[in-house]
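The sequence lines fix the lettering, A, B, ..., with proteins before strands; numbering per chain opens at 1.
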Number of protein chains: 2
Amino acid sequence: MAMDRDQVLRAAAALLSRKSTATMDEVARAAGIGRATLHRHFAGRDALVRALEDLGIREFEQALDRARLGEDTAVQALRRLVAESEANAQLLAFLVTENQLFEGDQVNEGWARLDARVSALFRRGQAEGDIRIDLSPAWLTEALYGLIGTCAWAVMDGRVAAKDFHHMITELLLGGAQRKR
Amino acid sequence: MAMDRDQVLRAAAALLSRKSTATMDEVARAAGIGRATLHRHFAGRDALVRALEDLGIREFEQALDRARLGEDTAVQALRRLVAESEANAQLLAFLVTENQLFEGDQVNEGWARLDARVSALFRRGQAEGDIRIDLSPAWLTEALYGLIGTCAWAVMDGRVAAKDFHHMITELLLGGAQRKR
DNA sequence: TTAAAATGAGACATCGACGTCTCATTTGGT
DNA sequence: ACCAAATGAGACGTCGATGTCTCATTTTAA
């Protein structure tokens with residue numbers, strides 16, 4: 001069973017986001033390929049994780065592009081961003097929890113670039129009066145990542161329906177759980 | 001340097017929540033004890049993780065007790081819960097991300113009990129008209145865990161001030177990021 | 001002070017995952 | 001139909017983490 005390199009990476013992300021200590025053999029079986037083939041694609045475990053980082057950063061950056069964060073209100077742009085992120089939620093969930101490993105890498109630069117764009121969105125929303133100013137852009141950025149990852153896990157575990165992904169995240173993040181009356 | 005068993009566990013949680021693949025030797029050094037002593041406390045790595053699970057469930061259960069979830073409004077009770085959880089946020093962050101491993105264990109029962117209490121809180125809030133009904137209690141429960149873990153990481157990384165822990169979580173979870181006008 | 005218990009440092013064997021390799025088989029292009 | 005490339009399965013050797021052990025030293029209690 002032949003699989004595209006990206007398909008392998010997505011399968012790896014889905015597995016590793018749940019079990020970060022999964023064996024290379026488990027990753028290979030999860031991707032439906034042999035361990036030898038996995039090693040032909042990625043020199044080793046480090047290379048696999050690095051590839052996941054690269055893919056995640058690339059995909060999320062494209063999601064940021066597609067969401068056109070500069071247009072409309074920040075709130076509307078944020079809704080678009082969540083929608084665009086849904087396809088790569090598992091990948092994001094893995095990277096968010098695995099960020100721990102980064103130490104002086106260039107990968108950090110990639111994340112710093114993404115963080116800057118997302119927090120700029122929140123800052124714009126604050127400047128335009130649409131976003132609360134008592135919640136720092138840095139925290140809102142982290143919370144967005146966290147909620148996307150949490151929701152991806154909840155969907156994987158069947159605690160949240162996949163079709164509710166966008167609504168659960170955006171409504172909680174933007175509107176909060178408290179009912180207004 | 002002698003350390004209490006609980007102190008060792010907390011040090012282990014702080015390290016493992018950031019680097020889940022940390023060596024037993026690293027855990028020992030992080031706790032300020034020798035590797036042999038660590039093995040005297042916990043038969044092995046599995047036993048250590050199991051002990052962390054037990055401690056986390058016990059601590060969080062006590063936090064639920066102290067928060068008196070049945071009193072006042074659900075919103076006020078939730079604020080108390082976040083305040084009571086702050087001391088064990090790192091431990092919670094570790095367990096939330098490591099939950100992946102659970103498979104037919106009895107540990108699941110402990111979490112199921114906690115989940116039931118927390119989601120019951122949200123359900124009460126919905127019944128009393130204080131919590132939105134379009135966000136499921138299961139999702140709100142997961143989101144609470146996720147935000148606590150995310151904020152714990154953000155504090156560890158210095159992206160959020162420790163003193164803002166309670167405010168950032170409760171305000172975002174309850175009120176949302178969008179400014180009302 | 002003295003004896004018992006606990007600790008830290010290190011040596012040691014074991015075990016599992018990793019990475020490389022080979023070879024038969026399958027796939028895909030011509 | 002044919003050939004080249006890719007794949008899967010498995011067999012190795014290597015390496016690092018683990019868990020056990022010993023022993024000198026420190027801590028604790030009597």
Side-chain angles (χ1 to χ4, degrees), chain A residues 1-56 90-91 94-95 97-105 107, chain B residues 1-56 90-91 94-95 97-105 107:
Chain A
M1 184 192 306
M3 286 190 87
D4 189 281
R5 179 191 150 105
D6 270 21
Q7 288 177 288
V8 173
L9 281 174
R10 285 176 201 290
L15 173 61
L16 290 173
S17 71
R18 278 172 298 178
K19 186 177 180 180
S20 60
T21 61
T23 299
M24 288 293 278
D25 190 82
E26 293 177 289
V27 173
R29 291 183 187 285
I33 63 175
R35 197 166 64 97
T37 307
L38 181 61
H39 272 90
R40 286 189 190 98
H41 278 302
F42 309 101
R45 192 190 184 77
D46 290 347
L48 173 62
V49 174
R50 187 66 58 95
L52 281 169
E53 294 166 350
D54 288 343
L55 177 64
Q90 287 182 338
L91 186 54
F94 168 72
L95 295 179
T97 58
E98 212 66 9
N99 262 350
Q100 327 142 5
L101 309 178
F102 298 166
E103 283 178 5
D105 288 331
V107 184
Chain B
M1 184 193 307
M3 285 191 88
D4 188 283
R5 181 192 149 103
D6 270 22
Q7 288 178 287
V8 173
L9 281 175
R10 286 177 200 289
L15 173 60
L16 289 174
S17 71
R18 277 172 299 178
K19 186 177 180 182
S20 59
T21 61
T23 299
M24 289 293 277
D25 191 82
E26 292 176 289
V27 173
R29 290 183 188 284
I33 64 176
R35 198 165 66 94
T37 306
L38 181 61
H39 273 88
R40 286 188 191 100
H41 278 303
F42 310 99
R45 192 191 184 78
D46 291 346
L48 173 64
V49 174
R50 187 65 58 95
L52 281 169
E53 294 167 349
D54 289 342
L55 177 65
Q90 286 181 340
L91 186 52
F94 168 72
L95 295 178
T97 58
E98 212 66 9
N99 262 349
Q100 325 140 4
L101 309 177
F102 298 167
E103 284 179 3
D105 288 331
V107 186

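- The minimum heavy-atom distance linking B:Leu95 with B:Gly56 is given by the pair CD1-CA, 3.5 Å.
- Of the options B:Asp4, B:Asp54, B:Leu48, a side chain to side chain contact (heavy atoms under 4.5 Å, CB included) to B:Leu9 is made by B:Leu48 and by none of the others.
- Under the side-chain contact (heavy atoms from CB on, under 4.5 Å) criterion, B:Arg40 pairs with B:Ala36, B:Thr37, not counting sequence neighbours.
- Shortest non-hydrogen contact noted between A:Ser20 and B:Ser20 is OG-OG, 3.5 Å.
- Across all non-hydrogen atoms, the minimal contact from B:Ala30 to B:Leu15 is CB-CD2, 3.8 Å.
- In the helix from C:dT1-D:dA30 to C:dT30-D:dA1, the terminal helix axes, each the rotation mapping four pairs' C1' atoms onto the next four within five end pairs, subtend 50°, rounded to 10°.
- To the nearest angstrom, C1' of D:dT7 lies 15 Å from CG of A:Asp4.
- Evaluation of the side chain to side chain donor-acceptor pair (under 3.5 Å) test over residues 24-36 of chain B, restricted to residues two or more places apart or in two chains, returns B:Lys19-B:Glu26, B:Thr23-B:Glu26, B:Asp25-B:Arg29.
- Under the rule for a side-chain contact (heavy atoms from CB on, under 4.5 Å), the partners of B:Ala47 that lie at least two apart in sequence or sit in another chain are B:Phe42, B:Ala43.
- Atom C1' of nucleotide D:dT20 and atom CG of B:Leu38 are separated by 14 Å, given to the nearest angstrom.
- Look at CZ on B:Arg29: it is 11 Å from C1' on C:dG10, rounded to the nearest Å.
- With sequence neighbours excluded, the residues satisfying side-chain contact (heavy atoms from CB on, under 4.5 Å) with B:Arg45 are B:Leu16, B:Met24.
- If you measure from atom CZ of A:Arg5 to atom P of D:dT7, you get 13 Å, rounded to the nearest angstrom.
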A correct 5'-to-3' footprint of nucleotides 15-26 of chain C, with B, S and - meaning base, sugar-phosphate only and no protein heavy atom under 4.0 Å, is --SBBBBB----

